[in-house]
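Numbering of ligands and ligand atoms starts at 1, following listing order. What you see is a predicted model, and the numbers here were worked out from it, not measured in a lab.
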Amino acid sequence: MKKLFTLFVFAFFSVLSFSQTKSPSEFLGYELGEQFTYHHRVVDYFSHIAEENPEKIKLIEYGRTYENRPLLYAIITSEDNLKNIEKIKTRNIERVNTGSTSANNSDPAIVWLSYNVHGNEANSTEASMKTAYKLVTGGPESTELLDNTVVIIDPCLNPDGRDRYVHWYKQVANNKPDVDPIGREHHEPWPGGRQNHYLFDLNRDWAWVTQIESKQRLKVYNEWMPQIHVDFHEQSHTSPYYFAPAAEPFHELISDWQREFQIQIGKNNATSFDEKGWLYFTKERFDLLYPSYGDTYPMFSGSIGMTYEQAGHSFAGLGIKLPGGDTLTLKDRLEHHFTSGISTIRTAAENRQDLLNNFSEYFNSSRKNPGKYRSFVISKDNNPKKVEDMLKILDAHNIIYGKAGINKSFKGYDYSTINEQTIEVNEDDIVVPVDQPKSVLTRVLLEPKTKLADSITYDITSWSLFHAYGLQASAVTSSISIKNEKLNDESQLLPDENAYSYAIPFQGLRSHRFLAQCLTQNIKVHLATEPFSTNENKFKRGTLIITGSLNRSTVVDFYNKLMDITKETDVDIYSISSGFASSGPDFGSASYRLIEKPEIALLSGKDTSPLSFGENWYYFEQLVSYQPHVVRPNYFDEDYMNEVNTIILPHGRYSGISEEKIKKLEDWVRSGGKLILIGGSIDKLNPEKTELALEKTNSGKKEEENTETYNYKTRVRSYGRSERNALKNYTAGAILDYSLDDTHPLAFGLGSSYRGLKTNNNTYKLLKNGWNVGYLENNSVVDGFVGVNLKQDLEGSLGFATKNLGEGKVIYLIDNPLLRCFWYEGLILYGNAVFY
Ligand SMILES: [Zn+2]
């Protein structure tokens, strides 16, 4: 009887527990689409369905955002699959590592759905709840899907950005949504919710892994390695829905199978949309080249990576009137994302075995067809700390490397000379073999040249990490087997307590982090502007010097503080026993310049680009751990300017900056301030009005204007080719080689040339009275697309410079060196501008 009773109770609660799974509407208290849902409520809802259905769904918190919101993914699959989930996962990684097909007959395919990477494309997360609910409770149809797939749902990749948008919207929206575009609820204020806390675009960060969300996501993504990855977005409210197949240019390493399967998914999505009569487009606008997106990154990791775009975006609110008179509502928007999501899972389920076989084959064939270069080699002569920093990126992608272990010559490509030549490999060089599971991603991130099938692309067209890190490296045509996969950590060099002074030679970004923390602790630091030697060591320009006698009496607990900073920043620090240099200036010489502690005002607000402002903010807080004052646009109207000695204007449009404000800024510089101008902030300055301005080149445009004789042929233009013609003056981003004055502090640590990214078409003349530290000579394009007219304009144009004005100084950084904070050499240049 007792047994029967237990059984009865069990059955009763099983039924009860099933019936307790609430729909999103029941749980949240409103119909999905009637309101935007705060992120914490989305978390609550996923927790609810996971608690009620532990046999089908497992919820995992994989990290936290900068604002401490949880990052989650839900594994949703059949009861049988979930019981065996660890084995399924292990067998899938076997496919990646060995190309094994042994489990392909029985295993489910893995489909990963990523929602709301752009925070103000806020429909996506709403759709994720509907999709999860349908999968868990959807009856026989869902059962069939879940028998054949493991669906991973990340309901929100960017919770901080999403809540920024949702909070704002709820505060300003009318009770009954104002569907007229003039309503304020359609006009999100600066900076908008698209980006994360530091205003980084997380859909540009997959490959560079700079942000906390990407770092944590990449770890779990690489544990799973799905066969399909969908990144759900929203675009302009007037566009129809977009899904795969993607637009050209495709990267050349995208396989035929990946192209074909994109088409198959696209056609199935099309059938679902046709049934409802919804509009959509494919094959346009969204290309597959730049490797740091949520579609390309999975593509280069063997998946079918796709972007889906619904009309809407922050502009659409809960409802918006369309040009044809219809109204687009949040309910419509989420229905579309729900439909494409389920359709994609269905395509995966129906083609499960084909998907798995081709996935295995992808890893086989990418290793069998390594292309021209078989090994990438990083010279042992590089700064070891810089190499260490670069290898962290490879680690994040599970890319394997090790020591060469042989001394031998090979044929190959040298990244410094950008030429094919004989490469002398040393046993202590680091080799990244192409023959490895992440073969394709390795090639994409390190390849010397990016092949462009089409020059219309809306992102940078070249990105090799060796240029980004300014490393001496090569790509060789032979396979070099690596000696050991992980390198030995060398122990850190720590100094004597009673040394005369301490020398910290250039060690990449961490030199600036070290310096920033010393300045915060009021430790006095000098900058060696000339090379010098002691009996034991030679030091280059840019070495930091800390003299004991200048600090011991003024800084409490000086030595311990110095050691804490040294350990935290992991720099090598050398003890110096005497002020007498064996060559070069002695330590009392004026060649050692006392570094002034920068008191920084960093401009934020609508004149600045949120991305560029965010990069500056992130640089200070996270990369060098130094506190700037973030100031508002009306800062110049108030009397705070004299409280700082450094003002930074990020890249931006500066439409709101008046002549009067510029005059104030100029006066402030003349009285001794340091002004750092980035990108568009330079463009706004008129040389006829202020001495802060630079003079533009633009020879191409002038020639056109000067043509006086009428020639009808020059005025005939093809309307259909207008987009292509515009490319002549355009670059989305290419790598250029700047000649460098390496005796100037702005260039310390960069060597005799600087490979940087050019991402705009502004070109300026070299300064007559100033230091033209980095400039372009002829044939400066290392790799990537630059339009023919722009190429002409580049010759003899300025990259970065400084000018003294009165008592103060202006620093010009024409191409934003902080772009996405992944161009390591740019971070060095920027640190020099701020601190030296
Ligand atoms: Zn988007």
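Salt-bridge formation is not detected for the pair Glu31/Lys331: no Lys NZ or Arg NE/NH1/NH2 atom is positioned less than 4.0 Å from an Asp or Glu carboxylate oxygen. Using a cutoff of 4.0 Å between basic side-chain nitrogens and carboxylate oxygens, Lys130 and Glu335 are scored as salt-bridged. Comment: Glu61 engages Arg64 in a salt bridge, judged by a side-chain N to carboxylate O separation of less than 4.0 angstrom.
Scored by the side chain to side chain contact (heavy atoms under 4.5 Å, CB included) test, Leu28 finds Pro24, Tyr30, Leu32, Thr37, Arg41, Met129 as partners (sequence neighbours excluded).
A cation-pi arrangement is found for Arg217 relative to Trp206, the charged atom lying closer than 6.0 Å to the ring centre and inside a 45° cone about the ring normal.
Centroid-to-centroid, the aromatic rings of Trp617 and Phe200 stay 6.0 Å apart or farther.
Under 2.8 Å from the Zn ion (ligand 1), one finds the following protein N/O/S atoms: His118 ND1, Glu121 OE1, Glu121 OE2, His233 ND1.
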